[in-house]
Amino acid sequence: MSIEPKELQAPVWREPVIHQMGAAGRRGVLFSRVEDEIEAGVGPAENLIPDAVRRRDRPALPELSEPEVLYHYLRLSQQTLGMMGISLFGTCTMKYNPAVNEAIAWRPEITEVHPLQHEDTLQGTLEIVHGMDLILREVSGMDQFVFQAGGGAEAAYVNCAVTRGYHAARGELEQRDEIITTIQTHPSSAATAAMAGFKVVTLPLDENGYPSLDALKAAVSNRTAALMVNNPDDMGVYNPEMKDWVRIVHEAGGLAFHDSANFNGIIGKLRPRELGFDACMFMLHKTFGAPKSGVGGPAVGAYGCSAELAPFLPSPLVAFDGSRYHLDYDRPQSIGKIREFWGNVPVVVKAYAWSRAMGAEGMAQVSDLSVLANNYMEKGLVAIRGVTRSHPDAKLPRLEMTRYSLQTLKEETGVDIHDVQNRMSDFGIDPPWTSHEPWLLPEPFTPEAGEMWGKEALDTWVAVVKKVSDEAYSNPEHVKTAPHKQAVHRLKPGATDDPKTRATTWRAYQRKTGR
Amino acid sequence: MTAQGATLGLIINPVAGMGGSVGLKGTDGEDVLQEAWRRGARPGAEERARGAMNRLVEIGTPLRVLTGSGELGEDVARAAGLDVEVVHSPGPGPTTSADTRAAAEIMAARSVDLLLFVGGDGTARDVLAAVGDGVPVLGVPAGVKMHSAVFGTSPRNAGHLATLFLAASPAARLREAEVMDLDEAAFRGDRLSARLYGYARSPYERHLSQNAKAGSGASGETALRLAAQQVAAGMKPGHLYILGPGTTTRRVADALDLPSTLLGVDAVLDGKSVGADLDEQALLDLMQGRETWIVVGVLGGQGSLFGRGNQQISAAVIRQVGRDHIIVISSLEKLLALETASLHVDTGDAEVDAMLAGYVRIETGPNRSTLFKVEA
């Protein structure tokens with residue numbers, strides 16, 4: 001690696017808040033006044049709005065011309081710190097979302113349909129949803145998928161609701177009130193289990209980086225409703241005893257759910273059903289190439305399960321009778337609805353387009369490349385002064401991610417992970433992901449290379465960490481005061497926590513500043 | 001408190017840790033110190049103090065240091081280029097624990113923002129005796145015994161934590177930290193006896209995935225309080241509940257609106273207090289003919305479950321109660337901060353220790369639990 005990282009210079013537009021721009025009466029579009037015949041026919045325009053919903057005061061909206069508005073938001077978009085550099089934001093499986101898939105999803109055949117249309121007019125859309133179901137069945141080994149959940153956490157909640165339905169049908173729900181998870185499973189598993197009324201038992205890790213079989217054995221009982229676990233976890237650690245885990249939970253009468261969020265490392269190699277799992281969950285905006293949309297959605301948590309659990313799935317399911325697709329509502333054991341209709345179809349369409357373009361061989365290559373890229377990066381990163389790997393003595397290689405710690409760097413230089421994140425952004429690297437809470441490893445960071453970045457991007461990423469480490473040892477103040485080349489300076493710690501110094505609306509800003 | 005006006009109290013126990021290097025398991029008391037010198041031990045506390053001070057200076061937090069003369073802190077603080085005021089000078093002869101206490105009392109009276117001491121459990125005890133929970137206290141680890149939870153993980157980290165705290169960083173918060181100490185005389189005779197001496201207010205560094213977001217710190221405390229309430233609500237009529245020492249179990253008594261002793265063992269029956277500050281025999285008497293449960297917290301920086309700070313709950317008591325009648329409560333944050341990923345028991349009875357070994361369930365919040373390995 002002989003890459004010399006270069007600093008960038010982000011644009012600094014010093015944009016005011018939009019309320020401080022423009023002038024009274026300025027408009028983007030001027031409409032001609034209503035013609036007399038029309039007004040005579042329907043009355044004054046404001047009367048078309050019912051009294052009950054008509055506001056009494058004029059809204060205090062900014063008044064700007066159209067180009068002013070466009071320039072303003074263009075400049076703001078240029079000042080964003082993320083998603084335009086090399087983005088290896090761990091646990092998120094960052095991927096480029098092909099423009100052609102966007103174009104497909106924006107076609108009127110998708111944008112102009114409504115879920116309340118008659119089935120006969122939705123056959124093409126239903127075919128795509130059913131097709132994605134079949135693809136995910138093949139990938140996971142499950143027997144039925146449903147796309148209703150609006151994200152991964154909601155799919156985890158589907159699992160808790162299905163678990164409730166399953167045990168209730170067997171008359172064991174009252175007795176089985178515990179869900180077992182691990183401290184390295186995504187916090188949404190514990191959170192949704194609690195929300196569904198279960199007690200949560202969290203297993204800690206042992207020195208191998210995953211919980212011991214003995215810890216699981218001590219946790220299971222006739223109170224166990226389910227196990228909710230990821231594998232690999234978001235440190236890239238693969239638990240090789242997972243088949244035994246599922247067996248132990250099944251023998252205790254519980255169900256086993258695989259949070260397949262980190263599927264990039266195993267897609268095409270391993271099916272959760274073949275490990276014995278009863279259910280799993282994919283986020284189509286991660287492994288399956290649909291956009292994250294700023295993590296605010298729209299998204300889809302695709303939930304799949306065995307035939308035994310399928311009767312409990314939310315309704316409706318998209319079904320195919322050999323000649324015609326239909327929505328199956330006639331499912332007496334269904335948990336009902338998790339969300340309206342049958343999912344965010346444009347997201348399903350994008351994932352379907354990605355999956356069809358990749359094919360089975362392409363998907364298998366995804367895990368090859370992701371694991372290779374991560375292990376390639378690991379060689380470079382652990383050679384950098386101040387960087388260590390989690391569970392350094394664990395024998396198994398990491399899959400598509402590795403969790404590192406900058407604790408040594410911090411002890412030796414005072415520079416911590418937040419300083420390093422900030423400084424990396426000066427070199428066009430999106431600040432890396434640290435870790436979910438709680439931090440088991442101090443000063444953590446977690447790159448996830450995925451399959452789409454080339455070797456030069458990975459080399460650049462590693463070279464920037466090396467550069468920042470060198471700076472930390474030679475000129476720590478420079479790192480601690482970063483970023484220097486970005487559109488904004490570093491926020492003062494705690495500044496946004498004091499209600500007196502923050503405002504989320506213009507009105508609050510005026511009130512708090514007296515301006 | 002502002003960074004400009006921050007005042008640091010610094011107390012070095014110059015002989016801390018000396019006993020350990022020559023196999024003495026401690027350095028408390030004049031005779032033992034003499035023996036340590038005789039065996040060739042050399043003071044290492046100053047070196048460790050320097051590690052912490054260098055960290056403070058590197059970060060460049062402006063501060064004023066109140067300290068004792070010479071080896072009590074003045075030498076190290078001046079060498080580090082800090083602004084020093086000597087507030088205590090020992091009399092002739094070697095310094096003693098009386099000097100630690102005298103200096104700490106003056107610093108408390110002067111309301112230092114943080115009292116940084118360099119030593120071990122013995123020094124922590126002296127500081128606690130002098131200042132109680134009056135001023136925040138942080139230990140630079142330099143002693144032979146360090147069971148207390150007031151120490152930084154290394155001298156440099158202690159210095160770093162002190163800086164964060166003095167700069168009022170939201171990443172540094174105060175917690176109740178156990179001050180514990182082994183009885184050195186018994187320890188040297190290979191009999192173990194440890195006591196919980198009290199709680200100091202001590203800063204710790206919160207590990208944050210977002211840079212320093214304040215305001216979320218209450219959730220850990222809330223989780224613990226709700227866990228304690230749940231344990232209290234689950235108490236069965238006619239069953240005796242033994243509440244171990246410490247602030248965690250005190251929350252159970254609080255949930256029942258009962259008085260409790262912080263350092264002692266109390267007992268509850270049918271929602272009423274039936275004994276306070278009980279010893280082993282008093283517990284065994286109360287247990288006669290009653291199904292009994294033990295409610296304990298995790299004590300100290302090394303994660304002791306039984307045998308350190310709660311010896312009143314003896315091997316005989318534990319054996320009679322049984323493993324499945326032990327309720328452990330702890331915050332997840334505290335468990336994750338332990339030096340090892342396991343809990344320790346040392347009841348003095350190998351059979352009972354073996355019975356307790358293996359995974360034990362720990363209540364960490366309302367309807368939340370975890371399992372930790374217990375090692376004898």
Side-chain angles (χ1 to χ4, degrees), chain A residues 177-183 190-191 193-194 197-207 211-212 214-219 221 407 410-414 416-419 421-422 431 433-444 446 476-477 480 490-499, chain B residues 51 54-60 152-160 163-164 167-172 205-217 219-220 230 331-338 340-342 357-374:
Chain A
D177 64 350
E178 289 182 349
I179 283 185
I180 300 168
T181 184
T182 75
I183 200 154
F198 291 102
K199 296 182 168 69
V200 180
V201 184
T202 305
L203 305 182
L205 310 181
D206 78 0
E207 57 277 7
S212 72
D214 286 339
L216 177 74
K217 285 175 186 166
S221 69
Q407 179 67 7
K410 184 179 161 187
E411 282 177 18
E412 293 177 352
T413 69
D416 67 22
I417 178 60
H418 300 301
D419 303 325
Q421 284 179 309
N422 279 303
W433 169 244
T434 53
S435 158
H436 288 111
E437 303 236 24
W439 280 9
L440 302 178
L441 197 66
E443 306 304 319
T446 318
E477 244 353 80
K480 291 187 77 65
R490 180 189 301 220
L491 281 179
K492 221 164 146 188
T496 51
D497 300 324
D498 181 358
Chain B
N54 288 345
R55 193 81 200 93
L56 276 167
V57 173
E58 274 167 33
I59 300 172
T153 52
S154 71
R156 285 184 65 82
N157 283 350
H160 187 81
T163 309
L164 286 180
S169 163
E205 188 177 358
R206 300 161 68 217
H207 293 311
L208 303 164
S209 62
Q210 302 292 320
N211 201 352
K213 49 173 187 193
S216 61
S219 62
Q230 207 162 47
S331 72
L332 191 59
E333 203 167 24
K334 182 171 190 173
L335 292 170
L336 295 176
L338 294 176
T340 58
S342 52
Y359 284 88
V360 66
R361 196 178 279 229
I362 304 167
E363 309 299 326
T364 55
N367 292 329
R368 298 279 178 132
S369 61
T370 185
L371 289 104
F372 256 61
K373 198 192 284 178
V374 174

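Here is the naming used below: chain letters follow the sequence lines, and residue numbers restart at 1 for every chain.
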Next on the checklist: Could you check whether Glu363(B) pairs with Lys199(A) (Lys NZ or Arg NE/NH1/NH2 to Asp/Glu carboxylate O, under 4.0 Å)?
Outcome noted: no
Distance check, rounded to the nearest 0.5 Å: [X] atom [atom1] versus [Y] atom [atom2]?
X	Y	atom1	atom2	answer
Trp439(A)	Glu205(B)	CH2	CD	8.5 Å
Ile362(B)	Thr202(A)	CD1	OG1	11.5 Å
Ser342(B)	Asp206(A)	OG	CG	11.0 Å

Item to check | With Arg368(B) via salt bridge (charged side-chain N to carboxylate O under 4.0 Å, His left out) - residues at least two apart | outcome: none
Minimal non-hydrogen separation, [X] against [Y], with atom names:
X	Y	answer
Ala215(A)	Leu371(B)	O-CD2, 4.3 Å
Glu411(A)	Arg55(B)	O-NE, 4.3 Å
Arg361(B)	Val201(A)	NH1-CG2, 3.5 Å
Leu336(B)	Ile183(A)	CD2-CD1, 4.0 Å
Leu332(B)	Pro438(A)	CD2-CG, 4.3 Å

Give, as side chain, backbone, both or neither, the part of [X] having an atom under 4.5 angstrom from any heavy atom of chain B.
X	result
Ala193(A)	neither
Thr181(A)	neither
Glu412(A)	backbone

Next on the checklist: Do Gln407(A) and Asn157(B) make a side-chain contact, defined as non-hydrogen atoms from C-beta onward lying under 4.5 Å apart?
Outcome noted: yes
Next on the checklist: Is any side-chain heavy atom of Thr370(B) closer than 4.5 Å to one of Pro204(A)?
Outcome noted: yes
Checklist outcome for this item: Residue from Asp498(A), Asp214(A), Ile180(A), Leu203(A) scoring the most non-hydrogen pairs under 4.5 Å with chain B is Asp214(A)
